[in-house]
Amino acid sequence: MRAAIAELEKWGPLRASSLWRSEPLGGDPGQPWYVNAVVELELELEGDPFACLARLRALERAAGRPDLRPRNAPRVLDLDLLLFGRAVVQTAELTLPHPGLGQRRFVLAPLAELAPALVPPGETRSVAELLRDLDDPLRVENLGPRTEAVP
């Protein structure tokens, strides 16, 4: 995670949340917990979320993630494009805002750390309100700043 954030820092100015440990969503019982973070980037991609997605996928492959894997299986790196400004996109390749954004504690907790007052496109409530009202039984734990050791 830290290596991915360091690579993203080369793309442009960013702000990153703390690292968060979360119970896995789906997958095999006994699977290890994930480490999550949210990063806000300022990019020079001419307003093209598809170019951003392609760069994220290339970063995943460079970290050793295979192109094909079982759904919800452990992976070395999983980078999701949650938002791209105020863009709303619905294609087979990309949906923005990310369809799980408002239903997942492991997304909302770090996002609320960076942008609690943000109201995502298509929502009427802020990120902080979405997190407060969330009915998600999966646990998340703040591991502290991204520079600390990850258990």
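For reference, positions follow the sequence shown, starting with 1. All of these numbers come straight from a predicted model, not from anything done at the bench.
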| task | Go through the steps for Glu141 and Trp33 under the test side chain to side chain donor-acceptor pair (under 3.5 Å), then give the verdict. | result | CA-CA 10 Å; Glu141 300 169 356; Trp33 283 37; over 6 Å; no

| side-chain contact (heavy atoms from CB on, under 4.5 Å) between Leu81 and Cys52, worked out | CA-CA 8 Å; Leu81 185 55; Cys52 183; 3.9 Å; yes

| Between Leu143 and Trp20, is a side-chain contact (heavy atoms from CB on, under 4.5 Å) present by the stated rule, with each step listed? | CA-CA 5 Å; Leu143 296 173; Trp20 293 75; over 6 Å; no

| said: Checking Leu108 against Asp136 for the side-chain contact (heavy atoms from CB on, under 4.5 Å) test, could you report, in this order, the C-alpha distance in whole Å, the side-chain angles of both residues, the deciding distance, and whether it holds? | reply: CA-CA 11 Å; Leu108 287 174; Asp136 177 3; over 6 Å; no

| request: Start with the C-alpha distance between Val89 and Phe50, add both sets of side-chain angles, then the distance that settles side-chain contact (heavy atoms from CB on, under 4.5 Å), and finish with yes or no. | output: CA-CA 10 Å; Val89 176; Phe50 294 95; 3.7 Å; yes

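For the pair Leu79/Val39, no side-chain contact is recorded, criterion being any heavy-atom separation below 4.5 Å from C-beta on. Considering only heavy atoms from C-beta on, Thr124 stays 4.5 Å or farther from Glu129 through its side chain. Between Pro13 and Leu41, every side-chain heavy-atom pair lies at or beyond the 4.5 Å cut-off.
Scanning both residues, Ser126 and Ala117, for their nearest heavy atoms gives CB-O, 3.8 Å. Residues Ala4 and Leu59 approach most closely at O-CD2, 4.1 Å, considering heavy atoms. Closest of all the heavy-atom pairs between Val127 and Ala115 is CB-O, 3.6 Å. Nearest approach of Val140 to Ala109, heavy atoms of both residues: CG2-CB, 4.2 Å. Looking at every heavy atom in both residues, Glu113 comes nearest to Ser18 through OE2-OG, 2.7 Å. Ala37 and Ile5 make their closest contact through CB-CD1, 4.3 Å (heavy atoms, listed as atom of the first residue, atom of the second, distance).
One distance of note links CD of Glu60 with CZ of Arg57; it measures 4.5 Å at 0.5 Å rounding. In this structure, the separation between CG on Asp78 and CE on Met1 is 9.0 Å, given to the nearest 0.5 Å. Phe84 contributes atom CZ, which lies 10.5 Å from atom CG of Leu53 (distance to the nearest 0.5 angstrom). For the atom pair CG (Leu25) and CZ (Arg105), the distance works out to 13.0 Å, reported to the nearest 0.5 Å. In this structure, CG in Leu111 is found 9.0 Å from CG in Leu131, a value given to the nearest 0.5 Å. Within the model, atoms OG of Ser17 and CG of Leu114 stand 5.5 Å from one another, a figure rounded to the nearest 0.5 Å.
Side-chain N or O atoms of Arg55 include none that pairs as donor or acceptor with a backbone N or O of Leu8 at under 3.5 Å. Formation of a donor-acceptor pair under 3.5 Å by the Glu123 side chain with backbone atoms of Pro120 is not found in this model.
Hydrophobic clustering of Ile, Leu, Val, Met, Phe, Trp and Tyr side chains at less than 4.5 Å, counting indirect connections, keeps Val119 apart from Leu134. Residues Leu14 and Leu56 fall within the same hydrophobic cluster, defined by Ile, Leu, Val, Met, Phe, Trp and Tyr side chains chained together at heavy-atom separations under 4.5 Å.
Contacts of Asp133 classified as side chain to side chain donor-acceptor pair (under 3.5 Å), with partners at least two apart in sequence or in another chain: Arg125. Under the side chain to side chain donor-acceptor pair (under 3.5 Å) criterion, Glu40 pairs with Arg15, not counting sequence neighbours.
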Side-chain donor-acceptor pairs under 3.5 Å in residues 95-103, sequence neighbours left out?
residue, atom, partner, partner atom, Å
His98, ND1, Gly100, N, 3.0

